[in-house]
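Input: a single structure, listed below in structure tokens.
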Amino acid sequence: MATNKYVCKICGYVHEGDSAPEKCPQCQQTDCLELVGAPAKKGLNTNSNVYTVVYAAVMVVIVAFLLAFVASALKPAQDANVARDTKNQILTSLNIVGLSGEAIDAKYGEVITKEIAKDSIWEANVDGAVKYVLAVKGRGLWGGLWGYVSVNDDKTSVFGTYFSHESETAGLGARINERWFQEQFNGKPIFDEAGNVALTVVKAGASTKETEIDGVTGATLTSKGVASMVNDGLKGYESFLKGAVEAEADTTAVATDSLTVE
Amino acid sequence: MSKLFSQENREAFSNPLNLNNPITVQVLGICSALAVTSQLKPAIVMGLSVTAITAFSNVIISLIRKTIPNRIRIIVQLVVVAALVTIVSQILKAYVYDVSVQLSVYVGLIITNCILMGRLEAFAMQNGPWPSFLDGIGNGLGYALILVLVGFVRELLGFGTLLGFQVVPQCVYDWGYVNNGMMTMPAMSLIIVGCIIWAHRSINKEEK
């Protein structure tokens with residue numbers, strides 16, 4: 001902080017400080033010290049309570065305004081991206097990958113023929129064959145998992161899958177959204193001989209039965225989460241999968257119920 | 001120009017790469033070094049994100065350092081970092097959605113990264129914007145360097161791949177080699193970081 005400079009007009013003593021002392025320390029006279037030059041600009045005391053409180057308040061308002069502005073300005077673009085990403089996920093579960101941008105919307109419009117139940121069952125037409133896409137949700141190690149399972153038109157075997165996650169460990173659980181893991185489900189039967197949903201994920205490299213799938217090394221809990229998500233998810237659609245096609249109205253209701261239960 | 005790259009400024013940039021490395025010497029940012037190094041790719045992404053965020057938050061704090069009340073400086077630093085990371089991630093989400101999906105898991109890890117707070121408190125609060133920027137870049141890269149080293153070892157030994165490409169040939173597996181599952185566990189990265197610190201300190205013994 002800059003200081004003021006005072007000079008004694010009797011003895012010439014120079015004092016530097018915020019204010020002049022009452023007596024000149026050298027000649028002991030009073031009122032002899034005179035201010036030299038312009039008074040120094042007094043800086044803000046950045047340690048005072050008032051300053052701290054005002055600073056915090058102003059900072060919070062500025063940051064809040066910035067965040068609110070950014071969030072609302074970018075919302076439409078983000079929503080469009082999310083909607084397109086959902087379409088891409090559904091297409092991925094139908095083994096249509098590698099699209100980006102406008103091509104996703106175009107392909108989605110071409111492939112998906114009907115939304116049988118809102119946000120949970122879609123009917124698709126891939127190269128002339130009818131497929132159904134089912135949405136599933138589950139829990140991983142750290143957070144939510146979701147995915148889409150597409151089934152062939154006989155509704156007994158898996159056509160393709162897509163899985164993703166909120167916050168699984170990068171390089172371990174996060175690998176469930178890699179294609180090699182998802183493609184293992186392709187062509188698997190949904191039901192075992194007893195007619196129960198029986199897809200399971202086992203230790204990596206240990207799958208022996210037809211309904212078993214290799215898990216991700218080092219991510220046993222996430223892999224198990226995927227298995228129970230697929231199983232519980234498909235169980236929820238059991239009446240749709242086993243029911244006749246004409247009973248669509250009922251299955252729609254059941255499928256929606258099963259989602260709300262989750 | 002010569003002033004911009006004076007001895008002092010060059011040291012602000014180059015010291016954290018080696019002699020004052022944030023991980024091996026300052027021992028900061030260990031937590032995220034454990035979380036994202038099981039494969040090479042997330043390690044690189046995390047290293048670059050931290051570099052960018054450290055550099056820019058250093059600049060911002062350095063610009064407003066004279067106005068910050070001493071008693072709430074840590075809170076101010078945290079607010080600046082959190083706001084910066086949130087805004088950047090929102091922009092990424094709107095314009096480069098693929099990148100934002102890739103980065104989403106790291107956002108939380110970046111905000112709480114001790115290197116950021118450490119550099120803001122130790123460097124940006126006392127220095128001008130340009131040296132602070134260099135310091136941020138240097139520390140970020142020093143951090144990235146160690147992450148990449150650890151990620152390299154862990155992915156190679158744990159999965160037999162690098163950046164997702166198979167590098168250990170199939171014939172080695174046929175002879176009975178197996179991937180080391182231990183390497184995929186977070187505990188192994190602590191051990192690898194320990195080995196790196198050991199090597200680093202014995203190389204730089206004289207200078208200590």
Side-chain angles (χ1 to χ4, degrees), chain A residues 43-56 58-60 62-85 88-89 100-101 142-143 164-175 177-178 180 203-205 216-220, chain B residues 32 34-43 45-46 64-73 75-76 79-80 82-84 86-98 100-109 151 154-155 158-159 164 178-186 188-189:
Chain A
L44 270 172
N45 178 9
T46 55
N47 286 323
S48 74
N49 287 342
V50 176
Y51 182 80
T52 306
V53 171
V54 171
Y55 192 93
V58 170
M59 178 184 71
V60 166
I62 291 176
V63 168
F65 178 78
L66 254 181
L67 288 178
F69 174 76
V70 168
S72 56
L74 299 177
K75 189 103 173 51
Q78 291 176 352
D79 287 349
N81 281 331
V82 170
R84 179 173 284 167
D85 192 50
N88 195 27
Q89 292 177 9
S100 62
W142 304 116
S164 196
H165 60 95
E166 277 165 14
S167 48
E168 298 307 299
T169 317
L172 298 173
R175 299 181 82 202
N177 67 6
E178 291 178 8
W180 66 268
K203 211 169 161 242
V216 179
T217 314
T220 312
Chain B
S32 53
L34 303 186
V36 299
T37 53
S38 68
Q39 283 179 302
L40 201 47
K41 195 176 154 213
V45 173
M46 181 71 182
I64 62 171
R65 70 185 187 280
K66 287 189 178 134
T67 70
I68 298 175
N70 201 32
R71 272 175 292 173
I72 58 165
R73 65 185 192 284
I75 300 171
V76 174
V79 168
V80 166
L84 190 69
T86 313
I87 289 173
V88 169
S89 78
Q90 294 274 333
I91 291 174
L92 289 180
K93 203 176 169 197
Y95 297 110
V96 263
Y97 190 77
D98 295 344
S100 104
V101 171
Q102 291 270 324
L103 287 179
S104 59
V105 278
Y106 306 110
V107 169
L109 287 172
R154 286 182 72 191
E155 186 173 351
F159 298 98
V178 280
N179 287 332
N180 187 348
M182 272 288 280
M183 280 290 171
T184 64
M185 299 294 154
M188 270 320 277
S189 63

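To find a chain, count down the sequence lines: A is the first, B the second, and so on, and within it residues start at 1.
Heavy atoms of A:Ser164 lying under 4.5 Å from chain B are absent altogether. For A:Val82, the parts sitting under 4.5 Å from any heavy atom of chain B are the backbone and the side chain alike. Interface remark: B:Phe159 contributes side-chain atoms only to the contact with chain A (heavy atom separation under 4.5 Å). Looking at B:Ile91, the atoms closer than 4.5 Å to chain A (heavy atoms on both sides) sit in the backbone and in the side chain alike. Both the backbone and the side chain of A:Asn49 come within contact range of chain B, with heavy atoms under 4.5 Å apart. Using a 4.5 Å cut-off between heavy atoms, B:Lys41 does not touch chain A at all. Contacts of A:Arg84 with chain B are absent, with no heavy-atom separation under 4.5 Å from either backbone or side chain.
With A:Gln78 contributing its side chain and B:Gln90 its backbone, the two residues share a donor-acceptor pair below 3.5 Å. Looking at A:Asn81, its side chain does come within 3.5 Å of a backbone N or O of B:Ala94 through a donor-acceptor pair.
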Problem - B:Thr67/A:Tyr51 under side chain to side chain contact (heavy atoms under 4.5 Å, CB included): CA gap, chis, key distance, verdict - result: CA-CA 10 Å; B:Thr67 70; A:Tyr51 182 80; 3.5 Å; yes
Practice task
Could you please spell out the steps behind the side chain to side chain contact (heavy atoms under 4.5 Å, CB included) verdict for B:Val76 and A:Met59?
Solution key: CA-CA 8 Å; B:Val76 174; A:Met59 178 184 71; 3.7 Å; yes
Practice task
Apply side chain to side chain contact (heavy atoms under 4.5 Å, CB included) to B:Ile87 and A:Phe69, showing your working.
Solution key: CA-CA 10 Å; B:Ile87 289 173; A:Phe69 174 76; over 6 Å; no
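Nearest approach of B:Ile72 to A:Ala56, heavy atoms of both residues: CD1-CB, 4.0 Å. The heavy-atom pair separating B:Ala83 from A:Leu67 by the smallest distance is O-CD2, 4.1 Å.
Ranked by non-hydrogen atom pairs under 4.5 Å with chain B, the options A:Ala77, A:Pro76, A:Ala80, A:Gly143 are led by A:Ala77. Ranking A:Val63, A:Leu172, A:Leu66, A:Thr217 against chain B, the residue ahead of the rest is A:Leu172, based on heavy-atom pairs under 4.5 Å.
Looking at B:Ile64 and A:Tyr55, their side chains come closer than 4.5 Å, going by heavy atoms from C-beta outward.
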